[in-house]
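Naming: A, B, ... by sequence-line order, numbering from 1 per chain.
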Amino acid sequence: MTTTKLAPRYDPSAIETDIYRRWLNAGVFTADVQSRADPYVIVIPPPNVTAVLHMGHGLNNTIQDVLIRFERMRGREALWLPGTDHAGIATQNVVERLIAQKEDKGRHDLGRDRFVERVWEHVRETGDTILDQLKAIGSSCDWSRTRFTLDEEYSHAVLKVFVDLFHQGLIYRGYRVIHWCPRCHTALSDEEAEFRDRDDHLFYIGYPLSDTAERRGTDFVVVATTRPETMFGDVALVFHPEDERYRGLEGRLVRIPLTDVDIPIAVSARVEREFGTAMLKVTPAHDANDFEIANELEGEYAMPVVIDAAGDMADDPRVPTALRGLERYAARDKAVAMLEAEGLLERMEPYRHAVRHCYRCHTVVEPRLSDQWFVKMKPLAEPALRAYREGRLKFVPERWGGVYENWLTEIRDWNISRQLWWGHRIPAWHCEHNGCRHITVALETPGVCPQCGGSVSQDEDVLDTWFSSWLWPFATMGWPQQTKDLQRFYPGHTLATAAEIIFFWVARMVMAGYHFMGERPFETVYIHGTVRDTLHRKMSKSLGNGIDPIEVVGLYGADALRFTVVAGAPVGTDVILDPDDLETTFASGRNFANKLWNVARFILTNLEGTTVPWQHWDPAQFELADRWILSRAQQAIVDTTEALERFRLNDAANTGYHFVWDELADWYVEQVKPRLYGATPGGDVARAILSHVFETALRLLHPIMPFITEELWASLPGERESILANAAWPTPNSTLVDGEAEDRFGRVQALVYAVRSVRAEYHVPPATQIHAEVQPASTEALEAFNAEQRTIERLAKLTTLAVNGSGEGIGAHQVLPDGSAVFVPLGDAIDVAKECGRLRSEMERLNTQLAGVTRKLANDHFVKRAPPDVVERERDKERSWREQRDTLSTKLRALGC
RNA sequence: GGGCGAAUAGCUCAGGGGUCCAGAGCGCCUGCCUUACAAGCAGGAAGUCGGGGGUUCGAAUCCCUCUUCGCCCACCA
């Protein structure tokens, strides 16, 4: 690219695809197992295969990319391992819906094999979409290592884990009350059944005592329940053993209303005496708590399941004929009506409570007794807990560690069997030959039952998706094979994700990491916020408040997207974006990219002929501004590096922004113009420094804005690494840190600001050149003004600046922070009364401040107890304010106020 | 029921004992198409740092409390 071709407006769409290809061709993203460099590894939170990129992905992956690019530039062997997740329930639902729409068929019409084949077809079609979209936002993943949780090798790892855990006694099969989604037709784990508030009713139902001659009337026990339709599954009523109100009822019988089933009354300490009537119906097959109670009661209790897998009333003798087959909520209404007719509904009241819902389809989950596979979690949780408590696993921000710890402490067994077809089929072989119920758990079928020689069939269920995701950090690297990758790149370093997934994924990866690899999967978990709209609602498809990152990339470029998102995502806070105003939302990123582009445009058109790099020049030839910008650049390096090391990505973004815009563009570029144009000598020095400083800025900004920085990098003349993505991260050069230059250039800036302020105040037309005078408050100020006199004149549009001028005439006065006095003689343009007013209010402000600091310094406690440097600073302040005040009063007198 | 977070300019947020007479971006007001950039330049207005109490020489910052929002966990059916 030749410099003259740079258009005044940055057009990201013209370059992004090419740049990405350039990186791919150069193999920049491919991690080298042979490399001796210190590895740095991030594994991607694998998006669902069927997913389309949304803003949450945008944020999550931008963060990972910034981190991986930063470490890559720092010389580490960076590996960002990408891939996708088969997402059992979600994907199966999607394909089921498609088939239903297109062919009006259910999965059972197709049969298992054909259905699974259809899902594969779908996944093959959509699987690369999300990965291509990740490329569009600049993600520097190592695509040669892309994995899918249903890849053959990966699947082998999943099954092996199941078999191993089973043989270690950490996986078992058993009857438990699990969360059942009647719509998805599968069991769910505790984490997949999420609480949501629901408006229901609390029904007070009379259970007639059935072991007494009197039938109706006063002799019944009232039970409060939200779920009357489950009463046909009741096996007992219980009250608290110390509840006086029900003394004597223990051992009596009641009849389940609408049936002729009698059940006993018993006691249980689990009953809450303050709730309802303090008499609890025990429905062991449809309530986990009731299941526990029933198991604790004396004697054997049947556990009738009265609601079937579809959520309808079961065809069970205990269920009244009129209700059988009815959907559970219809059955509830009808049962209530029937109770009312029987006079057994004492009353009902509105009741709002938290009910578990399926996290995929939001259907109310049905607690249901069934035979499932579970992982025993306590032993696995131990090392994961210890790692956190002993500081081997860190969370950023720290508070999420508490959430992690709490969950692991209270952990319950994990139901991992799903009654789905899409996923890893459980490697268990059932024999049901002549009452032999032996189960063989093995990677391959045993052929015949090892116990009775009967035929076996494979378990119909698949494993929870998360049972494969929890192996992601090492199964992606070839485990259980001892691959080179595994040796080199495990354990990894940073995991970036959202808080919602700490239980589902993060904690479980740590458990699996310790159990199978004997080592943590990563050292730091960086928890970022959620992307929300301006009403602070989570962006979601159903609310229609989402932003399509690809649309944003098309409109404003990937760098604008990345910059906006990173700058707006301080550690630990949510990112608020306005879906109704993309223009405003992404303006800061887009504008900044454009600024960078134009700085480059200016520099490149003036850089021709530069051959001698800045290091080769004698620093004695450097002007004050040169020393200043070099010093500021060191600060920018220090600040950006520290920010990225501390995961303060927003600080890194803002540091780059301010350095480029407020210092490099607004001041240095302006200061350097006369030299570049040949108006003053030293053009080559200026060019060398400008080039160096800009190059540094590109390096610092590259992790956040990779496309534009790479593009501009390629057009910079001079010797340096050919690809910025692979270039070295800058290190601060202490010899360039120049406090004196920063102090003096600061005085120059203050003087320019003061004159500009006067110009604006008195509406001096921009084209009009005026005269100004300054009386420096110190030799430092004097030297600064002399050194940059030309700069001051140019930037403040002055005919001349008189340093130590006479200060005579009618004009506007300004006092600089260091006490230097500025005088702009404007003659008739000056409204003396107005000027006096302005100066007086200035004086007032100074006096107030002075009074404050004087009071402070007069306070013995302060002077004695405060640290000496603080006291010293206060003294400095007082001194400088006094100087300013003295200057001001001279001015006031001169004006005759 | 338990826990966590947030409250600072109209909006989104920095700042987490003195370096801040309280900052940024966007928005707003004034003036400018000044040969890198109008996606820009220059200047400016705007905040009792949610209320109350306390600790301290000193509080936006630490502690307590209240209010309001948000999130997570939880077997009162």
Side-chain angles (χ1 to χ4, degrees), chain A residues 6 8-10 177 195 202 223-227 230 270-283 287-293 351 353-354 367 397 399-400 402-403 406-407 410 499-500 502-503 530 532 534 536 556 560 564 567-570 572-578 583-585 587-588 590-606 648 650-651 654 657-658 665-666 669 673 677 753 756-761 763-767 795-797 845-846 848-850 852-853 856 859-867 869-871 873-874 877 881:
Chain A
L6 285 185
R9 279 198 184 186
Y10 171 51
V177 174
F195 282 106
L202 198 52
V223 174
T225 179
T226 52
R227 310 202 51 204
T230 64
R270 289 177 185 257
V271 176
E272 183 61 52
R273 289 151 78 184
E274 307 304 316
F275 187 85
T277 60
M279 182 65 84
L280 175 67
K281 66 195 262 306
V282 180
T283 321
D287 186 294
N289 191 37
D290 290 5
F291 179 76
E292 305 275 316
I293 294 176
Y351 186 61
H353 61 153
R399 67 187 137 91
W400 293 108
V403 173
N406 196 42
W407 186 74
E410 311 274 301
E500 299 123 64
I502 291 177
F503 310 141
T530 308
R532 298 177 184 279
T534 48
H536 293 203
Y556 313 114
T564 301
T573 54
D574 289 337
V575 182
I576 312 294
L577 303 172
D578 186 351
E583 170 82 17
T584 305
T585 303
S588 62
R590 178 198 57 176
N591 294 355
F592 182 47
N594 194 234
K595 188 70 184 181
L596 207 53
W597 184 259
N598 275 290
V599 171
R601 218 156 68 90
F602 169 79
I603 292 177
L604 297 174
T605 50
N606 289 291
R648 318 233 355 169
N650 62 318
D651 287 347
N654 290 326
Y657 183 96
H658 288 298
D666 284 355
V669 163
K673 279 177 180 173
Y677 297 155
Y753 286 135
R756 283 172 175 171
S757 182
V758 168
R759 295 184 64 113
E761 176 104 4
H763 301 289
V764 180
L795 296 188
K797 293 191 199 300
R845 187 177 57 84
L846 261 179
T848 318
Q849 284 170 220
L850 254 176
V853 76
K856 214 179 211 182
N859 184 339
D860 259 5
H861 292 290
F862 172 72
V863 179
K864 272 192 233 146
R865 295 193 204 178
D869 58 311
V870 171
V871 178
R873 262 201 299 270
E874 292 300 313
K877 253 195 245 172
W881 287 340

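When the P atom is used for both B:rA7 and B:rG51, the distance is 13 Å, rounded to whole Å. B:rU55 and B:rG2 have their C1' atoms separated by 29 Å, with the value rounded to a whole Å. Taking the P atoms as reference points, B:rG44 lies 24 Å from B:rC49, given to the whole Å. B:rC33 and B:rG27 have their C1' atoms separated by 23 Å, with the value rounded to a whole Å.
Within 4.0 Å (heavy atoms only), A:Lys877 reaches sugar-phosphate atoms of the nucleic acid but no base atom. Here A:Val271 lies in heavy-atom contact (under 4.0 Å) with a base. No engagement by A:Ala600 is indicated, since no non-hydrogen atom pair under 4.0 Å with the nucleic acid exists. Among the heavy atoms of the strands, none lies under 4.0 Å from A:Ala796. Nucleic acid contact class of A:Ala224 (heavy atoms, under 4.0 Å, all strands): base. Among the heavy atoms of the strands, none lies under 4.0 Å from A:Ala288. Counting non-hydrogen atoms under 4.0 angstrom, A:Phe503 reaches the backbone sugars and phosphates but no base.
Across the protein-nucleic acid pair, A:Lys595 atom NZ and B:rA39 atom P stand 12 Å apart, rounded to whole Å. Rounded to a whole Å, the CG atom of A:Asn406 is 14 Å from the P atom of B:rG5. In this structure, A:Arg9 places its CZ atom 17 Å from P of B:rA36, rounding to the nearest Å. One atom, NE2 of A:His763, and another, P of B:rA42, lie 18 Å apart when rounded to the nearest Å. Nucleotide B:rG40 holds its P atom 13 Å from the CG atom of A:Leu596, rounded to whole Å. When rounded to the nearest whole Å, the span between CZ of A:Phe195 and P of B:rA74 equals 6 Å. Whole-Å rounding puts the A:Asn598 CG to B:rC41 P distance at 10 Å. Rounded to a whole Å, the CD atom of A:Glu874 is 12 Å from the C1' atom of B:rC20.
Contact check, A:Arg648 against B:rG15: a side-chain N or O comes under 4.0 Å of OP1 or OP2. Between B:rG40 and A:Tyr10, no contact under 4.0 Å exists linking OP1 or OP2 to a side-chain N or O. Here A:Tyr677 does not reach the OP1 or OP2 of B:rU35: none of its side-chain N or O atoms lies under 4.0 Å away. One finds a side-chain N or O of A:Ser757 lying less than 4.0 angstrom from the OP1 or OP2 phosphate oxygen of B:rG44.
Projected onto RNA chain B by closest heavy-atom contact, A:Val403 and A:Asp290 fall at different nucleotides, the more 5' of which corresponds to A:Val403. Annotation: of the two residues near RNA chain B, A:Ile576 and A:Thr584, the 5′-most nearest-nucleotide partner is A:Ile576.
Nearest to the side-chain atoms of A:Asn591 among the listed nucleotides B:rA39, B:rA36, B:rC4 stands B:rA39. The side chain of A:Thr225 lies closest to B:rA77 when the candidates are B:rA77, B:rC73, B:rA36. In the set B:rG40, B:rA77, B:rC32, B:rC32 carries the atom at the smallest distance from any side-chain atom of A:Pro766. Set against B:rC76, B:rC37, B:rC71, the side chain of A:Arg532 has B:rC71 as its closest nucleotide. In this structure, of B:rA77, B:rA36, B:rG43, it is B:rG43 that holds the atom nearest to the side chain of A:Ala760. For A:Lys673, whose side chain is taken as the heavy atoms from C-beta onward, the closest listed nucleotide among B:rG40, B:rA36, B:rA77 is B:rA36. Comparing B:rC13, B:rA42, B:rG18 by their nearest atom to the side chain of A:Arg756 picks out B:rA42. Closest to the A:Asp666 side chain, of the nucleotides B:rG25, B:rC4, B:rC41, is B:rC41. Closest contact between the side chain of A:Tyr753 and the listed nucleotides B:rG43, B:rC75, B:rC37 involves B:rG43. Nearest to the side-chain atoms of A:Ala354 among the listed nucleotides B:rA74, B:rU34, B:rG18 stands B:rA74.
As the counterpart of B:rG50, B:rC66 is assigned, both hydrogen-bonding distances of the Watson-Crick or G-U wobble pattern falling under 3.5 Å. Pairing for B:rC71 is with B:rG3, a Watson-Crick or G-U wobble pair whose two hydrogen-bonding atom distances lie under 3.5 Å. Taking a pair to require two hydrogen-bonding distances under 3.5 Å in either a Watson-Crick or a G-U wobble arrangement, B:rU56 remains unpaired. Shown here, B:rA22 forms no base pair; nothing in the strands shown gives a Watson-Crick or G-U wobble contact with both key distances under 3.5 Å. B:rA42 is paired with B:rU30 under the criterion used here, namely a Watson-Crick or G-U wobble arrangement in which both key atom distances are under 3.5 Å.
A:Thr230 is listed as a side-chain neighbour of A:Lys281, based on a closest heavy-atom distance under 4.5 Å. Within the 4.5 Å cutoff, side-chain heavy atoms of A:Leu795 are placed close to those of A:Arg756. No side-chain heavy atom of A:Glu874 sits under 4.5 Å from any side-chain heavy atom of A:Val871.
In terms of heavy-atom proximity, A:Ala665 sits nearest to A:Val599 at CB-CG2, 3.8 Å.
Applying the 90° criterion around 0 to the glycosidic angle, B:rG53 comes out anti.
Classified by interplanar angle (parallel below 30°, tilted 30° to 60°, perpendicular above 60°), the ring pair A:Tyr10/A:Trp597 is tilted.
Annotation: cation-pi geometry not satisfied between A:Lys595 and A:Tyr657 (NZ/CZ under 6.0 angstrom from ring centroid, within 45° of ring axis).
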